[in-house]
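The next block holds one structure in the form of structure tokens; read it before the comments.
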Amino acid sequence: MLGCVLEHETPEGLVAVELTEVEAYAGDIDPASHAYRGKTARNAVMFGPPGFAYVYFTYGMHFCVNVVCLPEGTANAVLLRAGRVIAGEDLARRRRASRRPAPEGSVVPAARPVLPARELTRGPARLCQALAIGRVRNGADLCDPASPLRLRGADGRGGTGGTGGKGAVSAGPRVGVSAGAETNWRFWRSDDETVSAYRPSQPRAPRVRSAS
DNA sequence: CGTCGGATAATCT
DNA sequence: GATTATCCGACGA
């Protein structure tokens, strides 16, 4: 799936990325998968036919998008973690511009730093923000060229991805997972600056309430 | 450049 | 009530 192109067409315009980093999740045999404990309302799309988008909401503020794989009844998916913007960079940058509150006592809004191109879709939630992928795209048909959210080969047809002969593919542990952390099911284009930084799972201490 | 804490709510136990 | 397939800004080197 590396090297394939994900496109989202909205009234605001089209943004497309060439995928540079993905992670595999293997349903019932994979403790890191959302489908590990069976079918629920959230993960239902993963149990359906392949080629559809599984979009989920996490950490109270972020969306991530997966491509459902393997036949109906199985629950496998590939998480799209990063890409390189190849169309609609302006729109992507506007969607990604973070809004900081005006400094205290100031009427002028804080200056917005210009985001480097490599930061636009570096990470699964950033990718979704740049492409404006949200809940309404859960279940979208990625293989239908008429779908607003679609996936295609880098050659404009159904061609395979990989690195297009331009380099190597690396593999390593998945980001942010606790169970199944030893499985090397994260794949990325070697030496690509759009690939997200690896962070091991960091369980946070439960929030303690002040005793007083 | 790196590490660290906070935000914030759906989902599941 | 705990956990989470994350990101951002602050701060220090």
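Note on naming: letters A, B, ... go to the chains in the order of the sequence lines (proteins, then strands), and numbering restarts at 1 for each one.
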Are A:Ser178 and C:dT3 close enough that a side-chain N or O sits under 4.0 Å from OP1 or OP2? no
Are A:Gln129 and A:Arg96 linked by a side-chain donor-acceptor pair shorter than 3.5 Å? yes
Once you round it to whole Å, what is the distance between P of B:dA9 and CZ of A:Arg135? 11 Å
Please assess A:Arg95 against A:Glu12 for the test side-chain contact (heavy atoms from CB on, under 4.5 Å), listing each intermediate value before the final yes or no. CA-CA 10 Å; A:Arg95 286 169 170 161; A:Glu12 294 75 42; 3.7 Å; yes
B:dG5 C1' sits how many Å from A:Tyr59 OH, rounded? 14 Å
Dot-bracket encoding per residue of DNA chain C, Watson-Crick/G-U cut-off under 3.5 Å, | denoting interstrand: ||||.|||||||.
Could you tell me how far apart A:Met46 (CE) and B:dT11 (C1') are, to the nearest whole angstrom? 13 Å
Using distance only, find each side-chain donor-acceptor pair of residues 44-58 of chain A under 3.5 Å and give its atom names and separation, not counting sequence neighbours.
from, atom 1, to, atom 2, distance (Å)
A:Tyr54, OH, A:His34, ND1, 2.8

If I take atom CG in residue A:Leu79 and atom P in nucleotide C:dT4, what distance separates them, rounded to the nearest angstrom? 16 Å
Side-chain N or O of A:Arg126 versus OP1/OP2 of C:dC8: is the shortest distance under 4.0 Å? yes
Rounding to an integer number of Å, can you tell me how far A:Tyr36 OH sits from B:dT13 C1'? 16 Å
For atom CZ of A:Arg37 and atom P of B:dT11, their distance in whole Å: 16 Å
Using a cut-off of 4.0 Å on non-hydrogen atoms, how would the nucleic acid contact of A:Ala125 be classed: base, sugar-phosphate, or nothing? sugar-phosphate
Does A:Thr40 place a side-chain N or O at less than 4.0 Å from the phosphate oxygens OP1/OP2 of B:dC12? yes
